[in-house]
Amino acid sequence: MSFFRTENLVKYFGGLAAVNNVSFEVREGEIFGLIGPNGSGKTTTFNLISGFHRLNSGRVVFKGQEIHRLPTYQICRLGIGRTFQVVKPLGRMSVLDNVIAAAFARVNTLREARDLALETIDFCGIVPVQNLLAKSLPIAWRKRLEITRAMATRPALLLLDETSAGLNPTELLQAIDLIKKIRDNGTTIIIIEHIMHVIMSISDRIHAINFGQTIGEGTPQEVAQNKAVIEAYLGTDYA
Amino acid sequence: MKKNLYPLIFLLALIVLPLLLRQEYYQHLIILFMMWVIIGSAWNLLAGYTGRVSFGHAAFFGSGAYAAGLLTYHYAISPWWGMVTGGLLATAVAFPFGWITFRLRGAYFALATLALNEVLKDAAKIAEPLTNGMVGILIMPTFSSKLPYYYIILFMMVLTILCMRLTVHSKLGYYFISIREDQEAAESMGINTTRYKMISLCIGTFWTGLAGAFYMNYMGFIDPSVVFSLQDLSIAAVLVGIVGGVGTIYGPAVGAFIMIAVQEFFRSGFFGLFKYFADKTGSSAFTTVSEFVKTAHTLGFGLLVIFVILLLPNGIVGDWPKIKRKVFRIKPEN
């Protein structure tokens, strides 16, 4: 039984096929990169997996269970956490309260939720800002809060949508460390990233899409030499 | 413990107060104040914590009042039994309403509640065989003294505030606020947003209906224009919440106190000041002004709301640290 797979995902927005026949399989414990130029359908794929959009056709199977008809909150409870490319902090709550609210997905009392939240905050390294209001955070901390909140729901599979965008070089290194730490702690990761050296250095395998269609899959080295991928990123002259 | 000190002192004061303050007029005002704390808190749970503003809370207040009144009127069942029925009927009205309208966001949900308010008001006017229409419903009050009512509503108010505090400091509260802040983020955190919005609505409307049923018992008379009143109930509930502070436990209490105070200040013609002048000078101008001032309490409250929104956007309780800093020049603790 595969850990997670998508089968022939198709999503139309009006007449436009945002995602067209995308299939991939993710093995437990790996970091799986999803790359493609702007507008190629990466975030739409995440929205399909996490139930924000409904599929036109295809299947999403997680631990042997079809999940593409389930509502978003149930998908989260089954163990798929996600972050948003455009971060969504719960602004007028403290960072700690943000994470507590997420931790309630796994426990019922405030005491347990608080413990779980503090543990996750420590793990993700946002202790220094835990008592600040979420809306007062700069972007690097907001991105981290997104990850922390998703981690507090104790996911088996974590979808990271451009969590490194907008970070400076130091913050970028910290972000990479955190992502590796999360993987080493037993959470499988699918990651969307535009910064090539990040995705190339941390992914075990990469799936490349363009115009909603698969153009290549393999190890980072294989994908970097893939003609269709080079064409999509650099144009036909370089392919 | 320090957090609970002021509410406890206040509660003790409210218990002792009617024994010292024997005039029925003041007891009446405090009863109304406590009823408004309940309505304001109930409104605040949905609007302040869950972020779904209702412009039609009179719909639930009126449903509760009519539930209690009609049981007595048609079946001679004690209106005190109607109290629970009132809460339940209000919730029963809220349930299908929420089911349908919670897919609306922002102002559209607020407009839907406004519509519900008007629909129920007209329904109560038209359904004469059941509700007596505009003639209204008159029942015999159970007690002639105000004291029993005073302690009943005090008890209900304490229950309401305890209920709000328990709710807000639990999973429910965290979920409500998450939904207010960002519904999509809330969904991705495993929150069934539809379900928790319904829970928030149902808790809030239950207490509102209960307050309505109490009103029936206390006043002994209701008609559609009183208990489904847009400006005196639905909008007043919004104002109580905004002035006191949305999304705070004790905000509605402060808002209710100010509303009753402003209302009586105007109704009494600035505590009889105008009447005093009119009598002294014999001038008919003062008599006329005094008549106008009596009906201007809505205006006064409107001005107050503008003032609060401009200077204290989080309400008096929500912006309390700011007030302390500005007025008493106290440095904030952290």
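Just so we're clear, the structure is a prediction, and the values are computed from it rather than from any experiment. First the proteins, then the strands, lettered A, B, ... as listed; each starts at 1.
Using cut-offs of 30° and 60° on the angle between ring planes, the pair B/Y174 and A/F104 is tilted.
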Go through the steps for B/K171 and A/L110 under the test side chain to side chain contact (heavy atoms under 4.5 Å, CB included), then give the verdict. CA-CA 7 Å; B/K171 180 172 177 168; A/L110 182 54; over 6 Å; no
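Atom CZ of A/F13 sits in a crowded spot, with more than 12 heavy atoms from other residues, nucleotides or ligands closer than 6.0 Å. At most 12 heavy atoms of other shown residues, nucleotides or ligands fall within 6.0 angstrom of atom CZ in A/R114. When the shell of 6.0 Å around CZ of B/R103 is examined, it contains 12 or fewer heavy atoms from other residues, nucleotides or ligands. When the shell of 6.0 Å around CZ of B/F257 is examined, it contains 12 or fewer heavy atoms from other residues, nucleotides or ligands.
Using a 4.5 Å cut-off between heavy atoms, B/S170 contacts chain A through its backbone alone, with no side-chain atom that close. Proximity to chain B (any heavy atom under 4.5 Å) is shown, for A/A102, by both the backbone and the side chain. Of the two parts of A/T153, only the side chain, counted from C-beta on, holds a non-hydrogen atom closer than 4.5 Å to a non-hydrogen atom of chain B. Residue A/V87: no heavy atom, backbone or side chain, is found under 4.5 Å from chain B. Contacts of A/R92 with chain B are made by both backbone and side-chain atoms, with heavy-atom separations under 4.5 Å. Contact of A/L90 with chain B is made through backbone and side chain together, with heavy-atom distances under 4.5 Å.
Rounding to the nearest 0.5 Å places OH of B/Y196 at 9.5 Å from OH of A/Y73. Note that CE of B/M189 is 13.5 Å distant from OG1 of A/T72, once rounded to the nearest 0.5 Å. To the nearest 0.5 Å, atom CD of residue B/E184 and atom NZ of residue A/K88 are 4.0 Å apart.
A/R77 approaches B/G190 most closely through the heavy-atom pair NE-O, 2.7 Å. Between B/S188 and A/F84 the shortest heavy-atom distance is OG-CE1, 3.4 Å. The two residues B/E187 and A/F52 come nearest to each other via the heavy atoms CB-CZ, 4.4 Å.
For the options A/L78, A/I75, A/D97, heavy-atom pairs under 4.5 Å to chain B are most numerous at A/D97.
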